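In this text, all values refer to a predicted model and were calculated from it rather than measured experimentally. Both backbone and side-chain heavy atoms feed into the values below; hydrogens, waters and symmetry mates do not. For ligands, and for the atoms within them, numbers begin at 1 and follow the listed sequence.
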Amino acid sequence: MLVDSHCHLEYKGLIEDQAGVLARARAAGVGAMLNISTRQSEWDQVIATAAREADVYASVGIHPHEADAHRDLGRGALLAATQHPRVIAIGETGLDYYYDHSDREAQKTLFRMHISVARETGLPLIIHTRDAEEDTYAILAEEQGEGAFPALIHCFTASADFAEKVLALGLFISLSGIVTFKNAKALQEVAKIIPEDRLLIETDSPFLAPVPHRGRVCEPAYVADTARFLASLRGTDAETLAAQTSANFFALFGKARA
Ligand SMILES: [Zn+2]
Ligand SMILES: [Zn+2]
C-alpha cells in the first residue's frame with residue numbers, strides 16, 4: 001500500500017473528475033490520501049470529501065500565501081475545525097519568502113497560531129517552507145521549547161543542513177515528485193539521509209507531476225512513480241519503501257488509525 005500524504009483534491013485539474021482521480025489512485029495501490037486545505041473557505045469542502053470517501057482524510061489550515069486574507073481568523077475557528085473526526089492534521093501553514101504573496105509578519109503570526117493549535121490538539125502540523133529556512137527553523141525551535149508538537153515539512157526542497165536540524169527536532173520529512181526531476185541533484189542527496197522511519201511521500205497534486213508524467217496535471221496515482229524512484233535512490237525496493245512510508249504516515253497521523 002502507498003499513501004499520498006499531501007494532495008489538493010478540490011483544486012482545478014482534479015475536481016472536474018474527482019471520482020476518476022480517486023479510482024486511478026486506488027488502482028495504483030494508494031490506500032490513503034490526505035486532502036489539504038489552504039484557505040478557510042476550503043475547509044468545508046475538504047472535510048466533505050473526507051467524510052464521503054473512506055480512504056481520504058482532511059487537513060485544515062491557512063497557506064502562507066493566504067495569510068494577508070486571514071488576519072482576522074480567530075484561533076477558536078481553527079481549533080473548532082480540527083474537532084471533526086476526519087480532520088487528522090493542521091495545515092498547510094508555514095512561511096513562503098519565495099513568492100512573498102503575504103506580509104512576512106502576517107505569515108509568522110499565523111504559523112505560530114497553527115503551532116499552538118497543534119500543541120493543544122496533538123494533531124500534526126503540515127509545514128510549507130520556501131526560501132525561509134532560517135525563520136522557519138527559529139520559530140520551530142523556539143516553539144518546541146515551549147511544548148512539543150508533532151510536525152512534518154511537506155514537499156521538502158530545503159538544504160541538507162535544514163533537514164538535519166528539523167530531524168533533530170523530531171520532525172518528519174515528506175518528498176514530492178520534485179525529487180525525481182533531473183535538476184534535483186541536491187535534493188536527491190538529502191533524500192538519501194532521511195531516516196527510514198521519518199520519511200513520507202506525497203504528490204502535492206495537481207502540481208509537480210513526477211517523471212515520467214512531467215507537463216501533465218499531477219494526481220495521487222503518481223505517488224507510485226515517486227516511490228519507485230526513491231526506492232532505487234535509497235537502495236531498497238519499491239514495496240519496502242511503500243510499506244515503510246505508509247507505516248510512518250499512520251504513526252505520525254494517529255487520528256487516522258482511530
Ligand atoms: Zn505547500
Ligand atoms: Zn500543498
Side-chain angles (χ1 to χ4, degrees), residues 3-15 18 21 25 30 32-43 45-47 49-50 56-70 78 81 87-102 104 106-108 110-111 114-115 118 123-133 135-137 139-140 151-159 162-163 166 171-181 184 187 190 200-210 217-223 226 249 252-253:
V3 174
D4 183 356
S5 72
H6 190 115
C7 55
H8 299 277
L9 296 172
E10 317 305 326
Y11 275 23
K12 203 151 75 80
L14 300 183
I15 188 68
Q18 201 187 63
V21 165
V30 178
M33 291 159 262
L34 182 45
N35 193 17
I36 308 285
S37 60
T38 57
R39 294 183 284 270
Q40 188 180 17
S41 60
E42 292 170 359
W43 293 356
Q45 214 180 351
V46 294
I47 291 171
T49 301
V56 177
Y57 300 94
S59 176
V60 290
I62 310 296
H63 193 285
H65 288 348
E66 308 290 337
D68 282 345
H70 291 80
L78 181 60
V87 172
I88 64 165
I90 297 166
E92 62 188 287
T93 179
L95 304 175
D96 194 315
Y97 296 171
Y98 179 79
Y99 287 107
D100 270 332
H101 284 333
S102 280
R104 292 184 179 183
Q107 294 186 37
K108 289 183 200 171
L110 214 45
F111 185 25
H114 283 70
I115 290 173
L123 296 180
L125 199 65
I126 294 167
I127 299 166
H128 170 112
T129 181
R130 190 152 182 210
D131 281 9
E133 288 186 17
D135 284 358
T136 303
Y137 179 73
I139 289 174
L140 286 172
L152 83 84
I153 306 288
H154 107 87
C155 194
F156 190 94
T157 55
S159 66
F162 183 76
V166 297
L171 272 65
F172 286 64
I173 290 178
S174 179
L175 294 173
S176 72
I178 291 178
V179 75
T180 70
F181 296 179
L187 181 59
V190 175
L200 276 74
I201 48 177
E202 64 174 80
T203 56
D204 206 6
S205 51
F207 313 111
L208 304 170
V217 173
C218 187
E219 55 179 70
Y222 297 171
V223 78
T226 300
F249 177 85
L252 178 61
F253 297 102

Check [X] and report its N/O/S atom nearest to the Zn ion (ligand 1), by atom name.
X: His154; result: NE2
X: Glu92; result: OE1
X: His128; result: ND1

Original post:
Taking just the N, O or S atoms of Asp204, which one is nearest to the Zn ion (ligand 2)?
Top reply: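 Atom name returned: OD1.
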
**OP:** Pick out which of His128, Arg104, Arg130 makes a side chain to side chain donor-acceptor pair (under 3.5 Å) with Asp96.
**Re:**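 That would be His128; it is the only one of His128, Arg104, Arg130 passing the side chain to side chain donor-acceptor pair (under 3.5 Å) with Asp96.
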
So [X] and [Y], would you call those rings parallel, tilted or perpendicular, with 30° and 60° as cut-offs?
X: Tyr99; Y: His101; answer: parallel
X: Phe162; Y: Tyr137; answer: perpendicular
X: Tyr11; Y: His8; answer: parallel

Original post:
Just wondering, is there an N, O or S atom on Cys155 that's nearer than 2.8 Å to the Zn ion (ligand 2)?
Top reply: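 So Cys155 does not bind the Zn ion (ligand 2) by this criterion.
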
Original post:
Is there a side-chain contact between Asp100 and Asp131, using heavy atoms and a 4.5 Å cut-off?
Top reply: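 In short, these two side chains do not touch, never coming nearer than 4.5 Å.
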
Subject >> Geometry at the Zn ion (ligand 2) - His8 NE2 versus His6 NE2 angle, rounded to 10 degrees >> reply: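 The two atoms subtend 100° at the Zn ion (ligand 2).
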
